[in-house]
Amino acid sequence: MKYEAVIGLEIHAQLLTETKIFCGCSTRFGSEPNTQTCPVCIGMPGVLPVLNRRVVEFAIKTGLAMNCKISSYSRFARKNYFYPDLPKGYQISQYELPICENGYVDITVDGVKRRVGITRIHMEEDAGKNIHQKDGSLVDLNRAGVPLMEIVTEPDIRSPKEAAAFMRKLRTILRYLGVCDGNMEQGSLRCDANVSIRPEGTEEFGTKTEIKNINSFKFVERALEYEIKRQIKILNEGGKIIQETRLWNVDTGTTQSMRSKEEAHDYRYFPEPDLVPLEVSKEWIEEIRQSMPELPDEKRNRFIEEFGLPEYDADILTEERTIAEWFEECVRLGAKPKEVSNWMLTELLRRLNESGKEIHEIALTPQHLVDLLKLIDNGTISRNIGKNVFSEMFASGQSPEKIVQEKGLVQITDTSEIEKMVEDVIQANPKEVERYKNGETKLLGFFVGQVMKASKGKANPKVVNELIRKKLS
Ligand code: ADP
Ligand code: ZN
Ligand code: MG
């Protein structure tokens with residue numbers, strides 16, 4: 001039997017606000033434990049939460065970017081459960097009336113476009129953090145009350161690869177909007193994956209399991225692959241899938257049962273009595289719509305139309321807004337779009353990857369790259385030397401002119417100088433000359449290589465080629 005996977009994701013995104021969702025405490029990451037707390041976020045009796053306007057703005061922005069309907073009337077609810085990192089005994093969340101509903105996000109996997117429905121986006125507060133030690137456990141409440149957005153997809157995803165592609169696209173959108181930094185390692189973007197399988201060609205959904213604790217794109221894909229195989233094996237052996245929550249274990253590369261449906265919490269949701277229902281005016285939604293940046297899909301399409309870039313280039317260049325803007329700055333400074341793209345996709349992105357740096361952290365500027373391309377274009381240096389200059393520019397932030405000057409990299413185009421080198425190479429390799437003259441013309445490359453080596457890469461390759469042909473004919 002051939003099976004098809006059905007996947008739906010629930011994503012938590014930490015919002016980039018300065019302060020928490022219901023009090024004025026800082027949200028800064030990495031401070032001393034319990035230094036960013038107040039009576040509201042540590043759950044003292046008698047306090048009242050006050051909703052952070054910026055959190056609502058960020059949620060609406062995200063909803064608009066994901067083509068959702070923005071609710072003019074939504075409400076907060078109490079989700080009741082006991083845990084040491086939750087001093088109130090309940091989490092303030094949204095339940096039956098979320099701020100955004102019924103949207104979608106388009107993804108492209110292996111050249112095929114797919115639309116993933118967004119069921120809902122709601123706002124909620126994060127809990128604190130338990131720190132377990134040898135002699136007991138401690139609670140850090142700095143994170144308690146940090147604003148989160150929960151984004152829930154329809155079960156529209158059909159493979160682990162699509163799930164990873166969706167997560168990447170979601171992260172790109174959140175970063176474009178500036179509402180979440182998308183840092184999965186630090187936990188500001190986390191994903192729970194729901195998955196079931198069904199015989200290919202059938203409609204009815206199978207029983208799903210939910211995998212918690214996934215903190216990288218790679219693990220989303222791996223955890224789902226493992227879980228799908230596990231479910232197929234059970235069905236093939238005549239067993240039944242039980243609805244349960246499972247944990248992804250990074251070390252073993254497997255998922256383990258955490259709790260079954262019977263053990264699932266009953267959160268006894270009810271409307272939060274300390275907060276008035278949230279009413280959002282049409283004017284405010286419009287204002288937020290006007291303030292939206294160009295989104296990744298629009299930018300990608302514009303790069304293809306306006307600059308004639310291949311889809312592949314446009315996809316990669318628009319994955320990060322800062323990269324896209326760097327590219328556009330080079331074009332604005334007069335460079336040819338495809339040339340810029342070639343250098344960015346190879347030399348620049350590779351070095352950013354290797355150095356672990358973001359593009360705004362490097363000394364290399366768009367002007368440097370544009371000037372380098374000019375030096376190659378007008379024949380001052382060869383393309384190969386250009387790569388060395390690029391590497392130097394990336395490391396030092398110096399201008400290409402200065403590097404070329406100081407290192408004496410100017411291309412040799414003087415024919416007589418090159419002619420001398422060609423003659424030396426011919427003299428030094430009589431056997432190869434003999435073979436070449438007997439018809440082994442592919443040895444041309446060998447001679448060119450020798451001359452380029454003798455010139456330390458500075459001889460104009462075109463001139464070298466012509467001269468060797470002439471001398472050996
Ligand atoms: P629950 O009641 O268990 O929370 P929901 O219906 O709220 O389930 O859905 C939670 C997530 O699971 C959503 O992302 C949804 O798309 C996904 N989902 C629901 N049913 C299935 C299924 N049979 N297989 C895979 N994913 C599913
Ligand atoms: Zn506080
Ligand atoms: Mg649910």
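Read the numbers this way: they start at 1 and go in the same order the structure lists the ligands and their atoms.
- The shortest N or O to N or O distance between Glu10 and ligand 1 is not below 3.5 Å.
- No N or O atom of Ile7 sits closer than 3.5 Å to an N or O atom of ligand 1.
- Between the side chain of Tyr176 and the main chain of Thr318, a donor-acceptor pair closer than 3.5 Å is present.
- Glu358 and Thr322 are not linked by any side-chain donor-acceptor pair at a separation below 3.5 angstrom, with hydrogens and angles left out of the test.
- Under the ring-ring contact (aromatic ring centres under 6.0 Å, His included) criterion, the residue pairs touching residues 1-30 are Phe22-Phe76, with sequence neighbours excluded.
- Only backbone heavy atoms of Glu154 (N, CA, C or O) come within less than 4.0 Å of ligand 1; its side chain stays farther off.
- Scanning for salt bridge (charged side-chain N to carboxylate O under 4.0 Å, His left out) contacts around Lys338 gives Asp313, with sequence neighbours left out.
- The atoms of ligand 1 that sit less than 4.0 Å from any heavy atom of Gly206 are 23 (N).
- Between the side chains of Gln14 and Ser188, no donor-acceptor pair of N or O atoms lies under 3.5 Å.
- Closest heavy-atom approach to atom 15 (C) of ligand 1 among the candidates Asn194, Thr153, Ile11, Ile118: Thr153.
- Distances from the Zn ion (ligand 2) under 2.8 Å pick out these protein N/O/S atoms: Cys23 SG, Cys25 SG, Cys38 SG, Cys41 SG.
- Sorted by first and then second residue, the ring-ring contact (aromatic ring centres under 6.0 Å, His included) pairs with a member in residues 298-319 read Phe303-Phe307, Phe303-Phe327, Phe307-Phe327; sequence neighbours excluded.
- Within ligand 1, the atoms closer than 4.0 Å to a non-hydrogen atom of Val6 are 24 (N), 25 (C), numbered from 1 in the order shown.
- Here the side chains of Thr17 and Phe58 are in contact, with some heavy-atom distance below 4.5 Å.
- Across Lys208, Glu210, Gln243, heavy-atom proximity to atom 3 (O) of ligand 1 is greatest for Lys208.
- Between Phe390 and Trp343, the ring planes lie tilted relative to each other; the angle falls in the 30° to 60° range.
- Contacts between Asp156 and ligand 1 below 4.0 angstrom, taking non-hydrogen atoms only, are absent altogether.
- Short contacts between ligand 1 and Phe205, defined as distances under 4.0 Å to a heavy atom of the residue, involve ligand atoms 23 (N).
- Listed by number with element, the atoms of ligand 1 under 4.0 angstrom from any heavy atom of Leu9 are 14 (O).
- Just one residue in the list Lys88, Gln91, Lys20 forms a side-chain hydrogen bond (donor to acceptor under 3.5 Å, both in side chains) with Glu125, and that residue is Lys88.
- For Val152, every heavy-atom contact with ligand 1 shorter than 4.0 Å involves the side chain, none the backbone.
- Panel note: side chain Ser396, backbone Glu392; a donor-acceptor pair is recorded below 3.5 Å.
- Judged by distance alone, the side chains of Thr172 and Glu319 never bring a donor and an acceptor atom under 3.5 Å apart.
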